[in-house]
Student: 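One structure follows; several queries about it will come next.
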Amino acid sequence: MNFSEEYFMKMAYREAEKAMEKDEIPVGAVVVLNQMVIGRGHNLTQTLQDVTAHAEMQAITAATNHIGAKYLNDCTLYVTLEPCVMCAGAIAWAQLGSLVYGAADPKKGFTLVKHNILHPKTLVKSGIMEQECSEILIEFFNKKRK
(Lines give C-alpha, C1' and ligand atoms only; values in the text may rest on other atoms or scores of the structure.)
Protein backbone atom coordinates (compact mmCIF):
# COMPACT_ATOMS: atom_id res chain seq x y z
CA MET A 1 0.00 0.00 0.00
CA ASN A 2 1.28 3.47 -0.89
CA PHE A 3 0.46 6.15 1.67
CA SER A 4 0.31 9.84 0.81
CA GLU A 5 2.35 12.69 2.25
CA GLU A 6 -0.79 13.89 3.98
CA TYR A 7 -1.19 10.50 5.67
CA PHE A 8 2.25 10.76 7.26
CA MET A 9 1.80 14.45 8.07
CA LYS A 10 -1.35 13.50 9.96
CA MET A 11 0.79 11.13 12.03
CA ALA A 12 3.21 13.98 12.74
CA TYR A 13 0.23 16.17 13.64
CA ARG A 14 -0.90 13.56 16.19
CA GLU A 15 2.56 13.83 17.74
CA ALA A 16 2.08 17.62 17.91
CA GLU A 17 -1.19 17.03 19.76
CA LYS A 18 0.70 14.89 22.28
CA ALA A 19 3.10 17.79 22.84
CA MET A 20 0.19 20.17 23.37
CA GLU A 21 -1.31 17.82 25.97
CA LYS A 22 1.98 18.12 27.88
CA ASP A 23 1.93 21.92 27.58
CA GLU A 24 4.82 21.75 25.12
CA ILE A 25 4.99 23.78 21.92
CA PRO A 26 2.91 21.56 19.61
CA VAL A 27 5.36 20.30 17.03
CA GLY A 28 5.42 16.68 15.94
CA ALA A 29 7.56 14.60 13.61
CA VAL A 30 7.78 11.13 12.10
CA VAL A 31 10.53 9.45 10.09
CA VAL A 32 9.37 7.13 7.32
CA LEU A 33 11.30 4.38 5.54
CA ASN A 34 9.64 2.26 2.85
CA GLN A 35 6.16 3.50 3.81
CA MET A 36 6.71 2.56 7.47
CA VAL A 37 7.18 4.91 10.42
CA ILE A 38 10.50 4.06 12.07
CA GLY A 39 10.78 7.08 14.35
CA ARG A 40 8.42 9.55 15.93
CA GLY A 41 8.70 12.42 18.32
CA HIS A 42 7.22 15.60 19.68
CA ASN A 43 8.63 18.55 21.52
CA LEU A 44 9.82 17.67 25.03
CA THR A 45 11.92 20.72 25.88
CA GLN A 46 9.91 21.57 29.01
CA THR A 47 9.39 17.98 30.12
CA LEU A 48 13.08 17.10 29.83
CA GLN A 49 14.39 20.60 30.63
CA ASP A 50 16.47 20.24 27.47
CA VAL A 51 16.53 22.91 24.77
CA THR A 52 17.61 20.30 22.21
CA ALA A 53 14.58 18.03 22.78
CA HIS A 54 12.78 19.18 19.63
CA ALA A 55 10.38 16.87 17.80
CA GLU A 56 12.80 16.37 14.91
CA MET A 57 15.65 15.40 17.23
CA GLN A 58 13.44 12.87 19.02
CA ALA A 59 12.26 11.35 15.73
CA ILE A 60 15.75 11.20 14.19
CA THR A 61 17.18 9.51 17.29
CA ALA A 62 14.36 6.96 17.31
CA ALA A 63 14.86 6.25 13.59
CA THR A 64 18.63 5.81 13.81
CA ASN A 65 18.16 3.51 16.79
CA HIS A 66 15.55 1.54 14.83
CA ILE A 67 17.80 0.90 11.84
CA GLY A 68 21.06 0.75 13.80
CA ALA A 69 22.81 3.33 11.65
CA LYS A 70 23.44 7.07 11.75
CA TYR A 71 22.46 7.88 8.16
CA LEU A 72 18.85 8.12 7.02
CA ASN A 73 19.48 8.52 3.28
CA ASP A 74 16.39 6.58 2.23
CA CYS A 75 14.10 8.17 4.83
CA THR A 76 11.67 11.07 4.85
CA LEU A 77 11.12 13.29 7.87
CA TYR A 78 7.62 14.72 8.18
CA VAL A 79 7.39 17.59 10.66
CA THR A 80 4.54 19.97 11.38
CA LEU A 81 6.74 23.09 11.59
CA GLU A 82 9.72 24.16 9.51
CA PRO A 83 12.83 22.97 11.34
CA CYS A 84 15.05 25.43 13.17
CA VAL A 85 18.73 25.76 12.30
CA MET A 86 19.73 23.23 15.00
CA CYS A 87 17.32 20.61 13.67
CA ALA A 88 18.30 21.36 10.07
CA GLY A 89 21.89 20.66 11.10
CA ALA A 90 20.84 17.30 12.53
CA ILE A 91 18.88 16.58 9.34
CA ALA A 92 22.04 17.37 7.36
CA TRP A 93 24.26 15.16 9.55
CA ALA A 94 21.74 12.30 9.27
CA GLN A 95 21.73 12.82 5.49
CA LEU A 96 17.95 12.48 5.31
CA GLY A 97 16.66 11.76 1.84
CA SER A 98 13.65 14.07 2.14
CA LEU A 99 12.16 16.66 4.45
CA VAL A 100 8.45 17.49 4.34
CA TYR A 101 7.10 20.18 6.64
CA GLY A 102 3.72 21.78 7.20
CA ALA A 103 3.89 25.35 8.48
CA ALA A 104 6.69 27.79 7.75
CA ASP A 105 8.52 29.35 10.71
CA PRO A 106 9.20 32.98 9.74
CA LYS A 107 11.00 33.69 13.04
CA LYS A 108 13.35 30.73 13.53
CA GLY A 109 13.06 28.48 10.48
CA PHE A 110 16.16 27.19 8.73
CA THR A 111 15.17 28.84 5.44
CA LEU A 112 16.08 32.21 7.00
CA VAL A 113 19.72 31.19 6.60
CA LYS A 114 21.01 32.35 3.23
CA HIS A 115 23.14 29.24 2.65
CA ASN A 116 21.44 25.86 2.35
CA ILE A 117 22.46 23.99 5.49
CA LEU A 118 20.80 20.69 4.56
CA HIS A 119 22.63 17.86 2.85
CA PRO A 120 22.79 18.68 -0.89
CA LYS A 121 20.78 15.55 -1.80
CA THR A 122 17.95 16.20 0.67
CA LEU A 123 14.71 17.00 -1.13
CA VAL A 124 12.47 19.55 0.58
CA LYS A 125 8.72 20.00 0.30
CA SER A 126 6.65 22.42 2.35
CA GLY A 127 3.02 23.34 2.87
CA ILE A 128 1.57 19.87 3.52
CA MET A 129 -1.38 20.45 5.91
CA GLU A 130 -0.03 23.97 6.39
CA GLN A 131 -3.33 25.36 7.70
CA GLU A 132 -3.80 22.71 10.40
CA CYS A 133 -0.14 22.83 11.42
CA SER A 134 -0.31 26.62 11.77
CA GLU A 135 -3.61 26.60 13.64
CA ILE A 136 -2.45 24.28 16.43
CA LEU A 137 0.51 26.61 17.10
CA ILE A 138 -1.72 29.70 17.06
CA GLU A 139 -4.14 28.02 19.47
CA PHE A 140 -1.29 27.06 21.82
CA PHE A 141 0.22 30.55 21.94
CA ASN A 142 -3.16 32.25 22.24
CA LYS A 143 -3.86 30.15 25.37
CA LYS A 144 -0.45 31.08 26.76
CA ARG A 145 -1.16 34.79 26.31
CA LYS A 146 -4.46 34.69 28.26
Side-chain angles (χ1 to χ4, degrees), residues 1-47 51-64 66-67 70-146:
M1 181 176 250
N2 236 355
F3 297 108
S4 68
E5 290 174 331
E6 190 167 317
Y7 174 83
F8 291 114
M9 188 60 77
K10 284 179 181 175
M11 294 179 93
Y13 185 85
R14 284 195 280 285
E15 289 295 318
E17 290 175 323
K18 290 178 187 177
M20 192 155 170
E21 289 169 11
K22 295 175 182 173
D23 203 31
E24 297 273 0
I25 296 173
V27 177
V30 296
V31 177
V32 175
L33 175 63
N34 298 326
Q35 296 286 301
M36 185 176 89
V37 174
I38 62 166
R40 60 182 71 236
H42 53 272
N43 273 0
L44 290 171
T45 59
Q46 299 297 325
T47 303
V51 297
T52 68
H54 290 194
E56 300 94 324
M57 303 297 260
Q58 304 299 313
I60 289 168
T61 299
T64 57
H66 179 84
I67 64 171
K70 63 182 180 178
Y71 297 123
L72 301 172
N73 316 72
D74 298 323
C75 298
T76 300
L77 172 68
Y78 293 85
V79 61
T80 57
L81 180 66
E82 175 186 346
C84 69
V85 173
M86 175 186 70
C87 291
I91 291 164
W93 284 111
Q95 298 182 14
L96 267 144
S98 301
L99 165 65
V100 178
Y101 64 89
D105 186 347
K107 293 183 181 176
K108 294 189 178 180
F110 80 96
T111 57
L112 295 172
V113 177
K114 300 289 183 229
H115 177 73
N116 182 14
I117 57 178
L118 298 178
H119 189 275
K121 293 183 180 178
T122 300
L123 303 173
V124 179
K125 187 169 185 178
S126 62
I128 304 299
M129 289 181 54
E130 182 174 13
Q131 183 77 29
E132 298 94 322
C133 294
S134 294
E135 285 174 359
I136 193 170
L137 288 160
I138 291 166
E139 178 186 344
F140 175 82
F141 286 110
N142 282 341
K143 284 181 183 175
K144 286 288 182 192
R145 290 184 186 107
K146 288 184 180 179

Student: Using modelled atom types and a 3.5 Å cut-off, is there a donor and acceptor pairing between side-chain atoms of N43 and backbone atoms of A19?
Tutor: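 No: the side chain of N43 does not pair with the backbone of A19.
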
Student: Return the minimal non-hydrogen interatomic distance between Q58 and L44, and the atom names on each side.
Tutor: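 Nearest pair, atom of Q58 first, then L44: OE1-CD1, 4.0 Å.
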
Student: Indicate yes or no: at least one non-hydrogen side-chain atom of H54 is less than 4.5 angstrom from one of T45.
Tutor: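 Contact flag for H54/T45 side chains = yes.
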
Student: Salt bridge check, K18 against E15: does any charged N sit closer than 4.0 Å to a carboxylate O?
Tutor: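 Yes, this pair counts.
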
Student: Got R145 and N142 here, is their nearest side-chain heavy-atom distance under 4.5 Å?
Tutor: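 In short, these two side chains touch, coming nearer than 4.5 Å.
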
Student: Between E21 and H42, is there a side-chain heavy-atom distance shorter than 4.5 Å?
Tutor: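 They are not in side-chain contact.
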
Student: Under the side-chain hydrogen bond (donor to acceptor under 3.5 Å, both in side chains) criterion, do E24 and T47 qualify, and how do the steps go?
Tutor: CA-CA 8 Å; E24 297 273 0; T47 303; 2.7 Å; yes

Student: If you draw a 6.0 Å radius around CG in N34, do more than 12 non-hydrogen atoms from other residues or ligands fall strictly inside?
Tutor: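 At most 12 heavy atoms, drawn from other residues, nucleotides or ligands, come within 6.0 Å of this atom.
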
Student: Between R40 and M11, does a side chain to side chain contact (heavy atoms under 4.5 Å, CB included) hold up when you go through it step by step?
Tutor: CA-CA 9 Å; R40 60 182 71 236; M11 294 179 93; 3.6 Å; yes

Student: Which pair of heavy atoms, one from V79 and one from M9, lies closest together, and at what distance?
Tutor: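 Distance-wise, the nearest heavy atoms are O-CE, 3.5 Å.
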
Student: Report yes if the side chains of C87 and F110 come closer than 4.5 Å at any heavy-atom pair, otherwise no.
Tutor: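 Not in contact.
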
Student: So which heavy atom on M20 is nearest to which on I136, and how close?
Tutor: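 So the two residues come closest at SD-CG1, 3.5 Å.
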
Student: With a 4.5 Å heavy-atom cut-off, do K144 and D23 have their side chains touching?
Tutor: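 Yes - at least one pair of side-chain heavy atoms lies under 4.5 Å apart.
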
Student: Do side-chain atoms of T80 reach the backbone of G28 as a donor and acceptor pair under 3.5 angstrom?
Tutor: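 Yes, T80 side chain to G28 backbone: donor-acceptor pair under 3.5 Å.
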
Student: Report yes if the side chains of L96 and I60 come closer than 4.5 Å at any heavy-atom pair, otherwise no.
Tutor: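 They are in side-chain contact.
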
Student: How far apart are the closest heavy atoms of A59 and V31, and which atoms are they?
Tutor: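 Distance-wise, the nearest heavy atoms are O-CG2, 3.7 Å.
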
Student: Identify the heavy atoms of A103 and C133 that sit nearest to each other, and give their distance.
Tutor: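 Heavy atoms only, the tightest pair is N-CB, 3.9 Å.
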
Student: Do I67 and L72 have side chains that approach each other closer than 4.5 Å (heavy atoms only, starting at C-beta)?
Tutor: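 Yes - at least one pair of side-chain heavy atoms lies under 4.5 Å apart.
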
Student: Counting C-beta onward and ignoring hydrogens, is there a side-chain heavy-atom pair between M129 and E6 closer than 4.5 Å?
Tutor: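 Sidechains of E6 and M129: in contact.
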
Student: Just verifying a value: how many Å separate M57 CE and M86 CE, rounded to the nearest 0.5 Å?
Tutor: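 So the CE of M57 and the CE of M86 are separated by 4.5 Å.
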
Student: Does any N or O in the side chain of Q35 come within less than 3.5 Å of the main-chain N or O of F3, such that one atom is a donor and the other an acceptor?
Tutor: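 Yes: the side chain of Q35 pairs with the backbone of F3.
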
